[in-house]
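These notes are about the structure you will find just below.
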Protein chains: 2
Amino acid sequence: MNQAIRLHQVASPLKATCNKCSLSNLCLPLAVEENDLERLEDIVLQGKIFNRGEHIFDQSTSSKSCFAVRSGSVKTSIITEGGDEQVTGFFMPGELIGLDSMATDNYACTAKVLERTSVCEFPVAKLEQLTRKLPELQHHMYHLMSQEIQNSHQLAMLLSKNTAEERIAALLLSLSSRFQRRRMSPTNFSLPMARNDIANFLGLAVETVSRVFTRFQNQGIIKARGREVELLDVEALQRVTRDFARQGCR
Amino acid sequence: MNQAIRLHQVASPLKATCNKCSLSNLCLPLAVEENDLERLEDIVLQGKIFNRGEHIFDQSTSSKSCFAVRSGSVKTSIITEGGDEQVTGFFMPGELIGLDSMATDNYACTAKVLERTSVCEFPVAKLEQLTRKLPELQHHMYHLMSQEIQNSHQLAMLLSKNTAEERIAALLLSLSSRFQRRRMSPTNFSLPMARNDIANFLGLAVETVSRVFTRFQNQGIIKARGREVELLDVEALQRVTRDFARQGCR
DNA sequence: ACTGAAGTTTGATATGGATCAAATTTGACG
DNA sequence: CGTCAAATTTGATCCATATCAAACTTCAGT
């Protein structure tokens, strides 16, 4: 922890090392050739640390950067004037936050850290400039943004057409596959978010989420104790989601 | 109509004239300087015409272009393996379709024309290339895509937190303001889509949509006969949407 | 203008999940 | 390690909207 703090403090003067980052196959470096990596490293502010509950940025404040999760996890949400909140996404290491505000003056959402989390910051102005010089990177940005639109449409679909059980099964499977891509167990993981956040994200009441969890548990599909979850029967979960496109939920 | 067909046939050899287009303040030319406009005109395929019900492109087919609506209107939707459909957006003149597939191999949705519609086609490969040379255009593309993500999040919000009345009021207000920006009456317009599409888009049953329309009518908030709609009391509609962000629905 | 199909409206009924209420568990912090 | 607030679970009830059914209207094609 002491080390982490020091890391934070010396972040900007220290040269970033995307090439040594374990997430280089998930994050932006993925799209950049070996010899161009340095240019990405030139613009990134590496290793900012946030404690649980802290905000990376706030809705309606001036939008200056995108952030890649390095470790930990993040939730984004939009809030109406009336105070209603809608969680719009959960982000895991290697995923990029702030694409919905890439080219707008203010952040369209608030990004809140769900646990102690480290992020890399990409100033949008510099990133935009760099994408003009690195076609692969530009293409990747378009790709990520397209993907984000698609995810969001899938979420809309989930919200408008699926039952509580289907929504929760879809979320569990999405998390599972994302853990797997990060070389963690796809069947045995700890949820980064509270039931409350799940409920809000999926357009359900907390009580409903809780009930579905216990129902799944009674059916022997999962084992859940608090945030600790074990998927006992992935096929059954897939059967629950039925025809819902599995990848489409963040 | 004869003229329209001829226009279609000679589209590619004919030089596009974005600078003379009445939509140049809404569409891509908006972001391009006078003297660079020619370069945009070089890549656009202008004036393709579709008859009501025809598809501009189909989900899962190879994605090659974005399309700007020139006249008419379009709906986009995603369809699951199970055949479930979710309408993801309605598009009016000057709006760009296909951003969710900008940098993916296949189209993520199907674009269906709601009435006789003319579109301009922007091949993605050329567009991407051009954005590298025209920073303003690149910025605009990022902006449009960010916007699309935001819209989609607002839709998710609408679907998960709002009642049938609120959803329909929000849609009517969104259409209203979009008609207005196109110099058409904001209170007196004809819906381009069927009740069915509205229901699907808003995650409601057709019957519910119909009922809410008549309820609004009985309250003297709107007058609706088929697709012909008149907003009699915009303030009342706004009161119905309450704290829902009004711009956030397509 | 005629006709059938598709779209829309209206009514009656059923239900999934919200809401209200309260018990139980977890976990942060002194 | 004890305490209190927050998170989670469980139970009882209610309601907005889906669903089922059927009449009515619109409109494209002949």
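Given the structure is predicted, the values throughout are model-derived calculations rather than measurements. Chain naming here is simple, since letters A, B, ... match the order of the sequence lines and numbering starts at 1 in each.
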Integer-rounded Å distance: [N] [atom2] and [X] [atom1]:
X	N	atom1	atom2	value
B:Ile168	C:dT8	CD1	C1'	13 Å
A:Leu202	C:dG16	CG	P	18 Å
A:Leu159	C:dG17	CG	P	13 Å
A:Asn196	C:dA18	CG	P	13 Å

Salt-bridge test for [X] and [Y]: reply yes if a basic N is under 4.0 Å from a carboxylate O, no otherwise.
X	Y	value
A:Lys112	A:Glu54	no
B:Lys75	B:Asp197	yes
A:Arg178	A:Glu95	yes

Walk me through whether B:Thr76 and B:Val87 qualify under side chain to side chain contact (heavy atoms under 4.5 Å, CB included).
CA-CA 6 Å; B:Thr76 54; B:Val87 174; 5.8 Å; no

Side-chain H-bond candidate by donor/acceptor type, [X] with [Y], under 3.5 Å:
X	Y	result
B:Lys223	B:Gln217	no
A:Glu85	A:Ser77	yes
A:Asn51	A:Arg116	yes

Start and end of the DNA chain D segment that chain B contacts, any atom under 4.0 Å from a heavy atom
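Answer, 5' to 3': D:dT17 to D:dA28.
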
How about A:Phe122 and A:Phe67: are their ring centres within less than 6.0 Å of each other?
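For A:Phe122 and A:Phe67, the ring centres are not under 6.0 Å apart.
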
5' precedence on DNA chain C between A:Arg227 and A:Thr163 (nearest-nucleotide basis)
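The 5'-side residue here is A:Thr163.
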
Residues in contact with DNA chain C, drawn from residues 204-226 of chain B - heavy-atom cutoff 4.0 Å
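Contacting residues: B:Glu207, B:Ser210, B:Arg211, B:Thr214.
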
By the 4.0 Å heavy-atom rule, please label B:Gly203 as base, sugar-phosphate, or nothing.
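Result for B:Gly203 = sugar-phosphate.
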
